[in-house]
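In what follows, a structure is listed as structure tokens, so that the remarks can point back to it.
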Protein chains: 2
Amino acid sequence: MSPHHCVQAGSDMAASKKKEPGAEEARTRILDAAQSLFAAHGFNATTTKAIAETAKVPCGLIFYYFPTKKALLASILSERNILVELRAVVDTLHVLDPRTALMTLGTRYIDALRHHKELTAILLREFRSHDEIATQFHELREEHVGLITSYLQETLRGRHDTPIQHIQAVARTFLYNLIVIGIIEDPPEPLRLIEETVDVLLGGLRLPDSAHI
Amino acid sequence: MSPHHCVQAGSDMAASKKKEPGAEEARTRILDAAQSLFAAHGFNATTTKAIAETAKVPCGLIFYYFPTKKALLASILSERNILVELRAVVDTLHVLDPRTALMTLGTRYIDALRHHKELTAILLREFRSHDEIATQFHELREEHVGLITSYLQETLRGRHDTPIQHIQAVARTFLYNLIVIGIIEDPPEPLRLIEETVDVLLGGLRLPDSAHI
DNA sequence: GTCTATATGATGATAGAC
DNA sequence: GTCTATCATCATATAGAC
């Protein structure tokens, strides 16, 4: 019985026809709804009608604010950029001892990833079909391996003789782990996961020398 | 000018109307085409018409072999299972010294992931919308962390005193890194990446004791 | 089993009233 | 800026000839 033309689940409460459905602007609600639905079901599986219903706006309004559905996706990715927050994670960090440094980095990264959970889901889902997204991903990886490496170097300055290539490998191993931990829907105890990972990165398997080749 | 009804880009070469377009069975070509297109553009963005054209079959034939488009996806996932090959990676492995063991594990995992590149792409793309896929992913993670942990324990038997929880953390760190390395489109030198990761897992940051807290 | 033409419904986008 | 009704197109799926 649901009509196949555009309708709105608007409240029947009063005669007030216009405005007011939520405190936020209509445009913001559209972006929120689209972000949530794109993350959950993917870009193509999400209809503009569903976005309109979730945002509690008439479906015509979407195309007043955004020329096309694809432009709506582009606006989400550009206006709600996770890269900015991820960069801030490293930039605002003081120089600490290695363990505290890695723990702080790890928890902040995971926090940022989980704070932008929907964005991450969209990036992961669409990076094979949208070249711009694939490029973003690649740059993010390169950049943050570099950032973590530089930071670890500062942290270790003058206290060790580990070659930079190895430090970079530690940074990469760390970042890749954080990515997977961040991707997993419900890591039961992210803090414990990060702690154990940091232990591995600091000490490795802790073999006696005889066990090495 | 392209007709909007179902057509086939079939060869005009002869009067032979039926059969023969390729050596393989039509059903197999449909599965191949769907797998490739689902991986590249996603499930919803791929039309059955596109699948038919790529497979060089009339579009009606798809629904002779598969009741629905979703059933086609399910057939791909069940008939071309990457889990079997991944399990074999660990099962057929001899007990070796830790470094050789991790290197062999790593290269075989990456080989398996790259051999099933399209399947991996599909799993990654759709695991948030299809519950069965999400479950597969979760089980794969749990199972293989367990497999690697057990294997490392055998490898280390009697030669060390590392607690099992730490071994498990090493196994998890290893697997998560392999997953990301496997996901990345074109890792320039996968072997070097694996080598460096193994070095990190075996020795960590190699700090002097004074650098620990 | 293979192929063609078509039904049925949904989808992105628009026109135009308010 | 907000809302409604509608269009043109395209997608999955079917019917039925060969």
Quiz item: Between C:dG1, D:dT12, C:dA13, which one does the side chain of A:C59 approach most closely?
Solution: C:dA13
Self-check item: Spacing between B:F63 atom CZ and C:dT8 atom P, to the nearest angstrom
Solution: 16 Å
Self-check item: Atom pair distance, as rounded to whole Å: CZ in B:R29 and C1' in C:dT2
Solution: 11 Å
Quiz item: Can you tell me how far C1' of C:dT11 sits from CG of A:N44, to the nearest Å?
Solution: 11 Å
Quiz item: Which whole-number value in Å describes the distance from B:Y64 OH to C:dG1 P?
Solution: 4 Å
Quiz prompt | d(CG, A:L61; P, C:dC18) in whole Å | solution = 18 Å
Quiz item: Donor-acceptor pair, B:E126 side chain versus B:I133 backbone, under 3.5 Å?
Solution: no
Exercise. For the side chain of A:A26, starting at C-beta, report the closest nucleotide among D:dA5, D:dT2, C:dA5.
Key: D:dT2
Quiz item: Is the phosphate of D:dA11, meaning OP1 or OP2, less than 4.0 Å from a side-chain N or O of B:T48?
Solution: no
Quiz item: If you look at every heavy atom in A:L193 and A:T197, which pair is closest and at what distance?
Solution: O-OG1, 2.8 Å
Quiz prompt | Sidechain-backbone polar pair: B:R125 side chain, B:A40 backbone, donor-acceptor under 3.5 Å | solution = yes
Quiz item: Looking for any heavy atom pair under 4.0 Å, which part of the strands does A:F66 touch: base, sugar-phosphate only, or nothing?
Solution: nothing
Practice problem: Check the distance between C:dT2's C1' and B:E25's CD and give it to me in whole angstrom. | Solution: 12 Å
Quiz item: Less than 4.0 Å between a side-chain N and a carboxylate O, is that true for B:R80 and B:E118?
Solution: no
Quiz prompt | Out of C:dA5, C:dC3, D:dT12, whichever nucleotide has its closest atom nearest the side chain of B:P58 | solution = C:dC3
Quiz item: Of the nucleotides D:dA13, C:dT11, C:dG1, which one has an atom closest to the side chain of A:T47?
Solution: C:dT11
Quiz item: Has A:K49 got a side-chain N or O lying under 4.0 Å from the OP1 or OP2 atom of C:dT11?
Solution: no
Quiz item: A:E53 CD to D:dC3 C1': how many Å, rounded?
Solution: 15 Å
Self-check item: Partners passing side chain to side chain donor-acceptor pair (under 3.5 Å) against A:H166 (at least two apart in sequence or in another chain)
Solution: none
Self-check item: N/O (side chain, B:Y65) to phosphate O (OP1/OP2, C:dT2) under 4.0 Å
Solution: yes
Exercise. Rounded off to whole Å, could you give me the CD1-to-C1' distance for the A:I30 and D:dT2 pair?
Key: 11 Å
